[in-house]
Amino acid sequence: MQFNSLSFLIFFPVIVFFYFLLPDRRIRNILLLAASFFFYMWWIPKYVLVILASIAITYVSGLLIGMTESKSRKKLYVALSVVLNVVLLGVFKYFNFFNESITWLLKQINLEWGVQNLSILLPIGISFYTFKALSYTIDVYKGAVKPEKNFLTYALFVSFFPQLITGPIERGWHLLPQFYEDHNFDYQRVSNGFKLMAWGFFKKAVIADKCGIFIDGVYNNLQAYHGLPLILATWLYVIQIYCDLSGYTDIAIGAADVLGFKTIKNFNRPLFSKSIVDLWRRWHMSMMSWFRDYLYIPLGGNRVSKTRHYFNTIVTFTVSGFWHSANWTFIIWGFINGILIIISTNTRGIRDRIRTMIGLEKFPVLKSIWQIAVTIFIFGFGAVLFRARNIGETSYIVKNLLNGLGGQLLNITSFKMDIGMSWGKATIMIISIIILIAVEFLQRKGSVREMISKKPVYIRFSAYYILLLWILIFGEFGSKSFIYFQF
Amino acid sequence: MIRKLIVKAALLAVASLGSIILYNYIIDCYSVLRRNINQIEVTPNDKYVKINYILNNKEKFDSFVFGSSRAAHIHAYKLKEGKWYNMFYWMGIPTEWLKTVRVLLKNNVRIKNIMLAIDEYSYTVDRGPIYDEYLFTFYPETFTDRADFFFKYMVKQPDLIELKDMYKPIKKWGLVFDFEKTGCYYLRKLERDIELNPQAHMNSGVFIHGVKNRGNRVKDFMYEITEIDRLCRENNINLIFVFNPIISLNYELEDMDLFVDMKKRVAGVRDYWDFSGFNSIGTNFYYFTDILHYRPVVGDMMLSRIFNENIARVPGDFGIHVTKDNVERYAGFLKEQMDYYKKTRKVMPFNYK
């Protein structure tokens, strides 16, 4: 089930209603578990077996790790759990990628591989729930979390519907104890949750999906474009993907909030990042902290030699790219981001000196704008790999970004471009992006929801009314999937 | 506290949804909510508007013209025999005509005459890229269908640009609907302009390229017209088949083998009047408002030919009665006419008997 669907708009209030109607925490958990499986099975019911397999593997391994004192046995169980989950991911997500890569490689030396691709659809959210389940097993192994004995509670932890499809990738130590707490109806919390959900819908339906119309138009017919349209599509994609994923996250966190659950933060105003390092601290934080805790630090993190530290950084980012999608473009995207992190870390001094030299340090606002612009520029450039379907498309975009740009800019008044939507819609999209940036700018001082809640009732009501109306009138409701569903 | 939240949420929902519903009710782009047939100004869902109107005025009309918007200029209401209403639909196809005939018969509308104005659009149309669910949703018959139907129009997402586009024909061409008396629409300003300066109209840039329909729904088309024919025979309805005239620019893009083949197939179902082909009307841009539609003067000539009234004003090569007995010979004539035009860019002297 998609958050931006009519079915979810009916499903969620019904679940909330019965959730608070039920008197006992255990029965509420059973309701949430049933709702979570219903939510997941809405798409392809048989794929519930995949998530059940992941739950069963990690549940049993968690119990076994907890039961034994032997370090080697603990290691064996955690390794088995990791391997089996990776096999699950491998079969459903990576098999065809490896198969095609091997076929291509052997073809270069005139050899035939002959293994057919699997014709299976990627189970929705598999990358997210396997990682969530894996983090639990590893945390049990490390002693960071106690093994969960109640299978239903554990199944609910992995399948908890607000976070099931696109995260945030929760951790056992944070979410599991919450299933043992009573979540009474709290007006402020429930109301805040709904407001956050509305903001998420605004990001997704009004901004991300509107940007998507233009971006899809360009990317689906790349050869027809060069210069300005490619530049616009490339950097608008940063906005689209941010609003798509953070919109989903807001709905997920808001929904969990309504039900009384606290969720870890996933974004921290990344459009205001002042360097690539800063951006990756603010972007998809639950995924980045997963890779930090379970890959980067076990590899040695930064407490190793410089060369090894670089190696760890590059490996971590490359794997994170591969985690996103089984495609060479994503692997390269991850690798490039790793390189960018290293460059960013090592050029901080030089950049500071250049800024001082040109006098930018004296103008802090200007300096911040400059830093943000450069960061988004670099990140957007890398995001070409994220959006392009293959290396050929990426190469075309890079070669043609500046092609004919001068002429287009000189004749900007007569330059015509098919943007795939009316200029009215485009104007709404731009205004919405400005609203988003303004709100995120205000968020540096704290929650905007709290700021609004302190205002008189007529201002509050007008703000919520305008937001709802804005979504209803200007939102795109063709039930477009969230981009991260494909991961 | 729960009550407070529910009240506030309900208030917000009512206020925001209410605003949308109010907007849709006031603007009513598709003319389905206010149901005031005299106030139709912008593109209506004519499937709903017309059927609803006829069902509420069962005695007012007993004869109907069916067709796409091309048939809108067949002003059959001028005929002495029958109380005619033009049931053309925007981009109408025989699927909708058959459904309409069924609805009218089911609701005891007494029908004496039906005229089906068919053309290449009827069997090749592919509405895909221009499909507009609000424009093409058919008249809802059951209670649940009606509930769905009105709900859809009430909560339709407002689109100010669409609104602007819809009013454009009114300003540009002087578009006026008459769904109450005739079922037709009129382009008053455009008609006046053409008569004032025909040459300017013909050179206005409208007639540069033809339009080709790319779909293929021959099988469905044959089933639908056969079914309409069967219903008419069962209910003693006089059925007239007519092939619309099309501008020569469009013929030149068409699959002419299919064009001739369809003439043979339709003749197998029922006799018809054929106004298509490279005749003196189809090759003269003066007789067309645009690349797709012929003018009311052409519709009048078609009626003259069919009902043998004021026949003097109709060119000899415009309108041939085709039966299954003469269709083979007629097909040969059509091919000859076509070849002559393509070679000479002139209309072949009329020699068909």
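Model, not experiment: these values are computed from the prediction.
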**Q** Could you measure the distance from the NZ atom of B:Lys8 to the CZ atom of A:Phe461? Nearest 0.5 Å is fine.
**A** 9.5 Å

**Q** Looking at A:Ile471, A:Ile466, A:Leu472, which one forms a side-chain contact (heavy atoms from CB on, under 4.5 Å) with B:Ser16?
**A** A:Leu472

**Q** Working to the nearest 0.5 Å, report the span between CD1 of B:Ile20 and CG of A:Leu469.
**A** 5.0 Å

**Q** To the nearest 0.5 Å, what is the distance between CG on B:Leu12 and OH on A:Tyr465?
**A** 10.0 Å

**Q** Once you round to the nearest 0.5 Å, how far does CD of B:Gln157 lie from CD of A:Glu476?
**A** 6.5 Å

**Q** Might you confirm whether atom CZ of A:Arg26 has over 12 heavy atoms from other residues, nucleotides or ligands at distances under 6.0 Å?
**A** no

**Q** Can you tell me which portion of A:Tyr464 sits under 4.5 Å from chain B's heavy atoms? Options are side chain, backbone, both or neither.
**A** both

**Q** Enter the distance from B:Leu5:CG to A:Phe194:CZ here, rounded to the nearest 0.5 Å.
**A** 6.5 Å

**Q** Nearest 0.5 Å please: distance from the OH atom of A:Tyr187 over to the NZ atom of B:Lys4.
**A** 4.5 Å

**Q** Determine whether more than 12 heavy atoms belonging to other residues, nucleotides or ligands lie under 6.0 Å from atom OH of A:Tyr180.
**A** yes

**Q** Quick check on B:Ile6 against chain A: is it the side chain, the backbone, both or neither that has a heavy atom closer than 4.5 Å?
**A** neither

**Q** For the CH2 atom on A:Trp43, are there more than 12 heavy atoms of other groups (residues, nucleotides or ligands in this structure) within a distance under 6.0 Å?
**A** yes

